[in-house]
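Worksheet: one structure, shown below.
Reminder, nothing fancy here: chain letters follow the sequence lines and each chain counts from 1.
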2 protein chains.
Amino acid sequence: MSKKTPVKRARAKQRRLSPEDRRQEFVAKATEFFAEEGFGGGTRALAHRLGVTQPLLYRYFPSKDDLIKEVYRTVYLEPFGDGWEKLLGDRTRPLRERLKEFYQAYTGVIFSRKWLRIYFYSGLKGLEINRSYVGIVRDKILSRIIRECRHEAGLPAQGKPGAAELEMAWVFHSGIFYYGVRKFIYEAPVLESKEQMISDAVDAFLAGFAQVFGEKEGARKLAVRAAV
Amino acid sequence: MSKKTPVKRARAKQRRLSPEDRRQEFVAKATEFFAEEGFGGGTRALAHRLGVTQPLLYRYFPSKDDLIKEVYRTVYLEPFGDGWEKLLGDRTRPLRERLKEFYQAYTGVIFSRKWLRIYFYSGLKGLEINRSYVGIVRDKILSRIIRECRHEAGLPAQGKPGAAELEMAWVFHSGIFYYGVRKFIYEAPVLESKEQMISDAVDAFLAGFAQVFGEKEGARKLAVRAAV
DNA sequence: AACCCTGTTTATCGCTTGATCACTAATTAA
DNA sequence: TTAATTAGTGATCAAGCGATAAACAGGGTT
């Protein structure tokens, strides 16, 4: 390459965005960048990707760490709508149907290279935000699922789900979750139809839950209902 | 702190190990170090942890990357004994029992902070070794499990497991795997008894597999799937 | 004693990193 | 038009990185 050319750079003639918009644009692209490179990725490489010079980042964010924190915020807060709890708890519809629909929607949001990689990078860092996310999944999703399963199986409702029930829901949930990990992080071949994977997983979970926790009657009811 | 003290360091009076042993000692401690810090951890910090100076590492390993590769080797090759395939295929015992025993043993090896963290760090790097590990799990463990399930359910044996069956085994396997992730990476509370978690997961899986792929339910299952 | 071999340290090199400062170009307000 | 404000750049700093070279220390052999 020739030496640094002092050519007056033709500044891109882009419309100037409002400061807040530009900032958010930076955060969005930084998210993609860090998802690929990990948080060890350099600010220079990031700036290059944004098409600006490195010091400019420091006009918008006090430090690299602050930028990273904003990346976390957007990634973690993005997915959680409040419709999901209602969907799971809507007893006018069969639980099986609710579960399948919920996991279609949920995985529709989190199954992306970007989301999953940021999730694991922050998890390995041992960040608080990650731990709190696990808590949210447990309280807003899994506990609700357990409650609905108990109801469906004709078991007495009780305030908090038991530890063993909760664990079983975790195993179920994680099994589905890991489909995305295998596909987007390991880039391993997976069953083409996500829909079928979820459908089978839900069917197996309901049968398994009835088998392990159901009363004899409840279990049979679940099995029969499944078959019909 | 005062300026660098040129005090002649009292060399530690440790027994001199053979070069090969010393090397392995380095690799072992480096594994723990990288498990905590990630592979971005510095060679100086690592050397400090080993109680030696940084350049000494380069007498034992040509570069940091070579050291890391050896870390991978030990971590990935450590677990796989050949007894596991035999255990899974031993038809003199009930499949349920075999599965529970296998997963007790398997998780006994990989459920550690060290193993899991190295696993994810290398996974995020997109390393070949990681992908090959996924292949090994699929071919040596999950395919075998499917075969045994088919046999148990009285289904005709066929060479390769179907994609949907394999996926279901993945969901099951991952569910168990993620118990370790939650415990050692997220450091989230889990069911105290790993044994019960595995036992319930296996019971649920067998019930679920029969439900989804079993012969008797086959026709009805198809109807249900068509209706969804 | 002299020598060599090997494990180890000190000092240092070139490069990259996150961050800062002074300056210029572009936009807005008067 | 001119002044003020904002967006963006080039040069540079101190610290940290991986890696290298040369000197040193201690035991074993002759």
Side-chain angles (χ1 to χ4, degrees), chain A residues 1-30 33-34 36-71 121 125, chain B residues 1-30 33-34 36-71 121 125:
Chain A
M1 287 293 201
S2 64
K3 286 206 76 165
K4 183 178 295 183
T5 54
V7 165
K8 195 144 287 188
R9 175 191 306 271
R11 184 105 40 129
K13 262 229 189 89
Q14 67 184 10
R15 218 183 79 65
R16 232 193 225 184
L17 288 80
S18 90
E20 190 46 43
D21 287 350
R22 188 112 171 91
R23 192 185 155 89
Q24 288 188 322
E25 189 197 3
F26 279 9
V27 172
K29 290 207 180 164
F33 175 78
F34 286 128
E36 290 308 314
E37 309 294 328
F39 295 112
T43 53
R44 268 163 255 259
L46 167 58
H48 183 73
R49 187 116 130 197
L50 297 176
V52 299
T53 52
Q54 181 244 7
L56 185 58
L57 294 175
Y58 290 85
R59 169 166 298 265
Y60 289 90
F61 311 93
S63 76
K64 182 185 179 184
D65 241 44
D66 288 273
L67 168 55
I68 289 178
K69 272 175 196 151
E70 295 231 22
V71 167
Y121 276 122
K125 267 209 198 169
Chain B
M1 286 292 201
S2 65
K3 286 206 71 166
K4 183 177 294 181
T5 53
V7 163
K8 196 145 284 187
R9 175 192 305 273
R11 184 102 45 126
K13 263 230 187 87
Q14 67 183 10
R15 214 181 80 65
R16 232 195 224 183
L17 288 82
S18 88
E20 189 47 41
D21 287 351
R22 189 114 170 90
R23 191 184 156 87
Q24 289 189 321
E25 187 199 5
F26 279 9
V27 172
K29 292 209 178 166
F33 175 78
F34 286 126
E36 290 308 315
E37 308 294 327
F39 295 112
T43 53
R44 268 162 253 258
L46 168 58
H48 183 75
R49 186 114 129 200
L50 297 175
V52 298
T53 52
Q54 180 243 9
L56 187 58
L57 294 175
Y58 290 84
R59 168 161 301 265
Y60 289 89
F61 311 94
S63 75
K64 183 186 179 183
D65 241 46
D66 288 273
L67 168 54
I68 289 178
K69 273 176 195 150
E70 294 231 21
V71 168
Y121 275 122
K125 267 210 199 170

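Residue A:L56 contributes atom CG, which lies 18 Å from atom P of C:dT24 at whole-angstrom precision. We find that CD1 of B:I68 is positioned 13 Å from C1' of D:dC17, with the value rounded to whole Å. One can place CG of B:L57 at 13 Å from C1' of D:dC17, the figure rounded to the nearest angstrom. Protein atom CZ of B:R59 is 16 Å distant from nucleotide atom P of D:dC24, rounded to whole Å. The CZ atom of B:R23 sits 15 Å away from the C1' atom of C:dG7 (whole-angstrom rounding). The nearest whole Å value for the distance from the CG atom in A:D21 to the C1' atom in D:dT6 is 16 Å.
A:E37 pairs by the side chain to side chain donor-acceptor pair (under 3.5 Å) definition with nothing, not counting sequence neighbours. Partners of A:F26 according to the ring pair (Phe, Tyr, Trp, His ring centres under 6.0 Å) rule, which considers only residues two or more places apart in sequence or in another chain, are A:Y60. Applying the side chain to side chain contact (heavy atoms under 4.5 Å, CB included) criterion to B:Q24, with sequence neighbours excluded, gives B:E20, B:D21.
For A:K29, the NZ atom is loosely surrounded, since the number of other residues' heavy atoms within 6.0 Å does not exceed 12.
Evaluation of the salt bridge (charged side-chain N to carboxylate O under 4.0 Å, His left out) test over residues 56-69 of chain A, restricted to residues two or more places apart or in two chains, returns none.
The shortest side-chain heavy-atom distance between A:L50 and A:L56 does not fall under the 4.5 Å cut-off. Side-chain contact between A:F61 and A:I68 is absent, with no heavy atoms from C-beta onward closer than 4.5 Å.
A:Y60 comes within 4.0 angstrom of the backbone, heavy atoms only, and of no base. Using a 4.0 Å heavy-atom distance criterion, B:P55 is classed as a base contact.
To the nearest 0.5 Å, atom OG1 of residue A:T53 and atom CZ of residue A:R44 are 10.5 Å apart.
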* Candidate pair A:L67 and A:T43, rule side-chain contact (heavy atoms from CB on, under 4.5 Å), full reasoning -> CA-CA 10 Å; A:L67 168 55; A:T43 53; over 6 Å; no
* Dot-bracket line, read 5' to 3' along DNA chain D, where crossing pairs take [ ] and | marks a partner on another strand, Watson-Crick or G-U under 3.5 Å -> ||||||||||||||||||||||||||||..
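The side chain of A:R22 has D:dG8 as its nearest neighbour among C:dC21, D:dG8, C:dT8.
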Distances for protein N/O vs nucleotides 13-18 of chain C N/O pairs under 3.5 angstrom?
residue : atom : partner : partner atom : Å
C:dG18  : OP1  : A:K64   : NZ           : 2.6
C:dG18  : OP2  : A:T43   : N            : 2.7
C:dG18  : OP2  : A:T43   : OG1          : 2.8
C:dG18  : N7   : A:R44   : NH2          : 2.4
C:dG18  : O6   : A:R44   : NH2          : 2.9

